[in-house]
*Asks:* 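Sharing a structure below in structure tokens format, with a few things to ask.
In what follows, every heavy atom counts, from backbone to side chain, and hydrogens, waters and symmetry copies are set aside. Letters A, B, ... mirror the listed sequences (proteins, then strands); counts begin at 1.
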Amino acid sequence: DTGVSQDPRHKITKRGQNVTFRCDPISEHNRLYWYRQTLGQGPEFLTYFQNEAQLEKSRLLSDRFSAERPKGSFSTLEIQRTEQGDSAMYLCASRGADTQYFGPGTRLTVL
Amino acid sequence: QQQVKQSPQSLIVQKGGISIINCAYENTAFDYFPWYQQFPGKGPALLIAIRPDVSEKKEGRFTISFNKSAKQFSLHIMDSQPGDSATYFCAARESGAGSYQLTFGKGTKLSVIP
């Protein structure tokens, strides 16, 4: 399967813990996005990378969130000191020309 | 401020019927309008997309109608099937300089009953 992959698929953590998610985009895509989706809502943009450069961040991305894309390949999204409000599906997408292709997401539950 | 408004929130259609989902936007800089389909536990998958220079685009049973002056667009699913039961999201994108991020509607949960 050459689509976008994300790991882990599910993460349950206690409030205050740090979590890290990984996204592997489609190999030839140099543009990568992170979105957050809460129950009953559409995905909301968090951040954008072109190659290894993080070019845009949403106001939703508080200072507890950090994303990286070393060497322009896979990307990681870290949430520090998790809060219950962070519970959501975190989606990664990569883009070649026009279309953004989404991964299956990581569902985070903060207890 | 919700930039893309989607309705209805949920929709029940009988097998073989037509499913219609509507979206409206305010930002006139939007110039690309995709529809995504999402099944439970999966990421959204692109269904069909349109640019504002055409008023309609059809791919199989799926048709987008676009009204630029009204800033509205809709998805029609002809001959709806139980396998079409999913959540559908309209989205919009502003091209040019920038990230090409997508702005999504809140989604429509479609149930097609036999």
*Asks:* For chain B, find which of A/Gly42, A/Gly105, A/Pro43 contributes the most heavy-atom pairs closer than 4.5 angstrom.
*Replies:*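 Ranked by contacts with chain B, first place is A/Pro43.
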*Asks:* Would you say A/Phe65 and A/Trp34 make side-chain contact, with heavy atoms under 4.5 Å?
*Replies:*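 The answer is no, as the side chains (C-beta and beyond) never meet within the 4.5 Å cut-off.
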*Asks:* Does the separation of the ring centres of B/Phe104 and B/Tyr36 fall below 6.0 angstrom?
*Replies:*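 Between B/Tyr36 and B/Phe104, which both carry aromatic rings, the centre distance is below 6.0 Å.
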*Asks:* Between A/Phe102 and chain B, which part of the residue has a heavy atom less than 4.5 Å away: side chain, backbone, both or neither?
*Replies:*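 For A/Phe102, the contact with chain B is made by backbone and side chain together.
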*Asks:* With side-chain hydrogen bond (donor to acceptor under 3.5 Å, both in side chains) as the test, pick out the partner of A/Thr47 among A/Lys57, A/Gln54, A/Glu56, A/Arg69.
*Replies:*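 It is A/Gln54, the one option of A/Lys57, A/Gln54, A/Glu56, A/Arg69 that forms the side-chain hydrogen bond (donor to acceptor under 3.5 Å, both in side chains) with A/Thr47.
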*Asks:* Let me know if B/Pro34 has heavy atoms under 4.5 Å from chain A in its side chain, its backbone, both or neither.
*Replies:*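 Neither; nothing under 4.5 Å.
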*Asks:* Is A/Arg31 close to chain B through its backbone or its side chain, or both, or neither, when contacts mean heavy atoms under 4.5 Å?
*Replies:*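 A/Arg31 has no heavy atom closer than 4.5 Å to chain B.
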*Asks:* Measure distances from A/Phe49 to the heavy atoms of chain B and classify the residue's part below 4.5 Å as side chain, backbone, both or neither.
*Replies:*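 No part of it gets close to chain B.
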*Asks:* For B/Gln9, is there any backbone N or O sitting under 3.5 Å from a side-chain donor or acceptor partner on B/Thr108?
*Replies:*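 Not at all, since once roles are kept as given, no pair shorter than 3.5 Å links the two residues.
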*Asks:* I need the residue from B/Gly41, B/Pro44, B/Gly43 with the largest number of non-hydrogen atom pairs under 4.5 Å to chain A.
*Replies:*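 Highest number of pairs under 4.5 Å: B/Pro44.
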*Asks:* Where on B/Gln38 is there a heavy atom nearer than 4.5 Å to chain A: the side chain, the backbone, both, or neither?
*Replies:*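 The side chain, not the backbone.
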*Asks:* Name the member of B/Leu102, B/Thr103, B/Leu46 that forms the most heavy-atom pairs with chain A at distances under 4.5 Å.
*Replies:*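 Of B/Leu102, B/Thr103, B/Leu46, B/Leu102 has the most heavy-atom pairs under 4.5 Å with chain A.
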*Asks:* Which atoms of A/Gln37 come close to chain B, meaning under 4.5 Å heavy atom to heavy atom: side chain ones, backbone ones, both, or neither?
*Replies:*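 A/Gln37 touches chain B through side-chain heavy atoms alone.
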*Asks:* Can you check whether B/Pro52 reaches B/Phe66 side chain to side chain, under 4.5 Å on heavy atoms?
*Replies:*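 Yes, side chains in contact.
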*Asks:* Hey, are A/Arg64 and A/Glu83 close enough for a salt bridge, meaning a charged N less than 4.0 Å from a carboxylate O?
*Replies:*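 Yes.
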*Asks:* Angle between ring planes, A/Phe21 versus A/Tyr90, binned at 30° and 60°: parallel, tilted or perpendicular?
*Replies:*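 Ring orientation of A/Phe21 relative to A/Tyr90: tilted.
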*Asks:* Which answer fits A/Leu91, side chain, backbone, both or neither, if we ask what part of it has an atom under 4.5 Å from a heavy atom of chain B?
*Replies:*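 Just its side chain gets close to chain B.
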*Asks:* Which of the residues A/Arg107, A/Arg95, A/Glu44 is involved in the greatest number of heavy-atom pairs with chain B at under 4.5 angstrom?
*Replies:*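 It is A/Arg95.
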*Asks:* Salt-bridged, B/Asp84 to B/Arg61, with N to O below 4.0 Å?
*Replies:*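 Yes.
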